[in-house]
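Remember, it's 1-based here, ligands and their atoms both numbered in the order they're listed. Keep in mind the model is a prediction, meaning the values are calculated, not measured.
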Amino acid sequence: MTTAAALARTASIASSSHNNTVVMNNNNGGGGRKLLARGTRLRQRRQRRRRRDVTISPSSSLSADSASSSSSSQSGTTNDEFIPQSYWVAESQTQFIAETKLPTDKGFYRLRGYRHRGPKTHVITEPTCMIYGNVEGLENVPVRVHDACFTSEVLGSLKCDCKQQLDMALEYIRDNELGVVIYLEQEGRGIGLANKIAAYKVQESGADTVDANRKLGLPDDIREYSAVRNIVDDLNIKSVALMTNNPRKINELEKEGVNVTSRIPCVTKANLFSEKYLEAKERRMSHVLNDSWRYFDNAGQVFESKDEADAKGDFSDYSMTWDEEDELGNIAAKGIH
Ligand SMILES: Nc1nc2c(ncn2[C@@H]2O[C@H](COP(=O)(O)OP(=O)(O)OP(=O)(O)O)[C@@H](O)[C@H]2O)c(=O)[nH]1
């Protein structure tokens, strides 16, 4: 949804709520519901239903006024106990909406929902965070800042390691009994899903992730992390141990004012379809992967892990190097057919 469309939608929800209230009052004052035409009654019923939808939502608009009036207008109603106390996080563009417990296939987490208005674009997104343990007030809290990847996380694509990293981070904070995974709606390093699909199409002709974006006139990476600072502040986390391989992410977070005290590597196993992607991350975007994507040997054998490749691989023919495009192409082709 474009910013204008998102704002227009928000505005229309707010104004329909207001109009409904007026209509209801007028009709009550006029009395004689029986006398109303059937069409009017139906319209009223629809309006009442819409009004319920609006008031149950903790905040249907990003205006501070509406956030406070939404909760105060509810006082005394039977819904009170279900209405979370939404509030603005500091004086920023992020609004806390609600926290709930979430049972998952990995364990029980705290899930917090926010609404965020991007500082430059004003695009409205809904960051979330999964929390394990009581992180409030602590130092060196393990934090993963994760950007959306619909293709791997929902569709199961093997072209990247995003889902593996998300799983790894959730399992890490569970096993560690402390930590946060902040999930941001910044698909495709911020270019959006449709553009990412276009970039995938260009990659089919051999371009890596960086060149594919550039061929389309798209930036390499336009993610911004102001929501992270706000969420970290909201949770009163004093400093973070960031789960990442990406130095840019550390720099950007520090620029935002997040106190990053250390880095927890988040390296996954490569597969035949993600090797090139991981290679591009290390070579083109300076991610610290320690060659984790090189899980094959001179003879084209593929291994589950670097250790296995080191132990069993055939590295005798030094005339062939791992770096050759052809070799990568052959290996990938074997996987594809
Ligand atoms: N433009 C583009 N984005 C991709 C592609 N594959 C995955 N992504 C997106 O890349 C983002 C993840 O960024 P990465 O650069 O892989 O990793 P990172 O989050 O910066 O670094 P880590 O913290 O180490 O995981 C997600 O938003 C994915 O949707 C691709 O081929 N092209």
Of all heavy-atom pairs linking V181 and A169, the shortest is CG2-CB, 3.9 Å
Please state which protein non-hydrogen atom is closest to atom 24 (O) of ligand 1 and give its distance, to 0.1 Å? N245 N, 2.8 Å
Report, in ascending order of atom number, the atoms of ligand 1 lying under 4.0 Å from any heavy atom of N213. 1 (N)
Does NZ belonging to K106 count more than 12 external heavy atoms closer than 6.0 Å? yes
Tell me, which protein residue and heavy-atom name are nearest atom 17 (O) of ligand 1, and how many Å apart are they? K281 NZ, 3.3 Å
Does atom CG of D167 have more than 12 heavy-atom neighbours, drawn from other residues, nucleotides or ligands, at distances under 6.0 Å? yes
Quick one: which ligand 1 atoms are inside 4.0 Å of a heavy atom on I191? 1 (N)
Looking at atom 16 (O) of ligand 1, what's its closest protein heavy atom, distance included? Y277 OH, 2.3 Å
Is the Lys NZ or Arg CZ of K101 less than 6.0 Å from the centre of F108's six-membered ring, within 45° of the axis? no
Can you spot which of K281, K276, R283 makes a salt bridge (charged side-chain N to carboxylate O under 4.0 Å, His left out) with E279? R283
Please work out, at 4.0 Å between heavy atoms, whether the side chain, the backbone, both, or neither of K159 comes within that distance of ligand 1. neither
Over all atoms of both residues, closest heavy-atom pair of P119 and E224: CD-OE2, 3.3 Å
Check A199 against ligand 1 and report side chain, backbone, both or neither, counting heavy atoms closer than 4.0 Å. neither
What part of A148, side chain, backbone, both or neither, has a heavy atom within less than 4.0 angstrom of ligand 1? backbone
Could an N or O of ligand 1 be found under 3.5 Å from any N or O of C160, whether backbone or side chain? no
Tell me the contacting part of V145 for ligand 1: side chain, backbone, both, or neither, using a 4.0 Å heavy-atom threshold, strictly below. neither
Show me which atoms of ligand 1 lie under 4.0 Å from any heavy atom of D147. 26 (C), 27 (O)
Under a heavy-atom criterion of less than 4.0 Å, does R144 contact ligand 1? yes
Locate the shortest heavy-atom distance separating R189 from R223; write the atom from each residue and the value. C-CG, 3.5 Å
Distance-only polar pair, side chains of D234 and Y114, donor-acceptor under 3.5 Å: yes
Those atoms of ligand 1 less than 4.0 Å from some heavy atom in Q165: 22 (P), 24 (O), 25 (O)
What distance do K196 atom NZ and L218 atom CG have between them, rounded to the nearest 0.5 Å? 13.5 Å
Considering heavy atoms of the protein only, find what lies nearest to atom 32 (N) of ligand 1 and give residue, atom and distance to 0.1 Å. Q203 NE2, 4.0 Å
What is the closest protein heavy atom to atom 10 (O) of ligand 1, and at what distance does it sit? R189 CG, 3.4 Å
Would you mind telling me if ligand 1 is within reach of the side chain of T151, the backbone, both or neither, using heavy atoms under 4.0 Å? neither
Does ligand 1 come near enough to G188 that some N or O of the ligand is less than 3.5 Å from an N or O of the residue? yes
When rounded to the nearest 0.5 angstrom, what is the spacing between CZ in R112 and CD1 in I182? 11.0 Å
Check each atom of ligand 1 against the heavy atoms of K249 and keep those under 4.0 Å away; list them by number with element. 18 (P), 19 (O), 20 (O), 21 (O), 22 (P), 23 (O)
Of the non-hydrogen atoms in I231 and P127, which two are nearest, and what is the gap between them? CD1-CB, 3.9 Å
Heavy atoms of Q186 and D147 approach each other most closely as NE2-OD1, 3.0 Å
Regarding atom 18 (P) of ligand 1: of the candidates R223, Q186, K196, which has the closest heavy atom? R223
Polar contact flag for T244 and ligand 1 (N/O pairs, less than 3.5 Å): yes
Structural part of Y200 in contact with ligand 1, heavy atom criterion under 4.0 angstrom: side chain
Taking all atoms of both residues into account, what is the closest heavy-atom pair of Q164 and T268, and its distance? CB-CG2, 3.6 Å
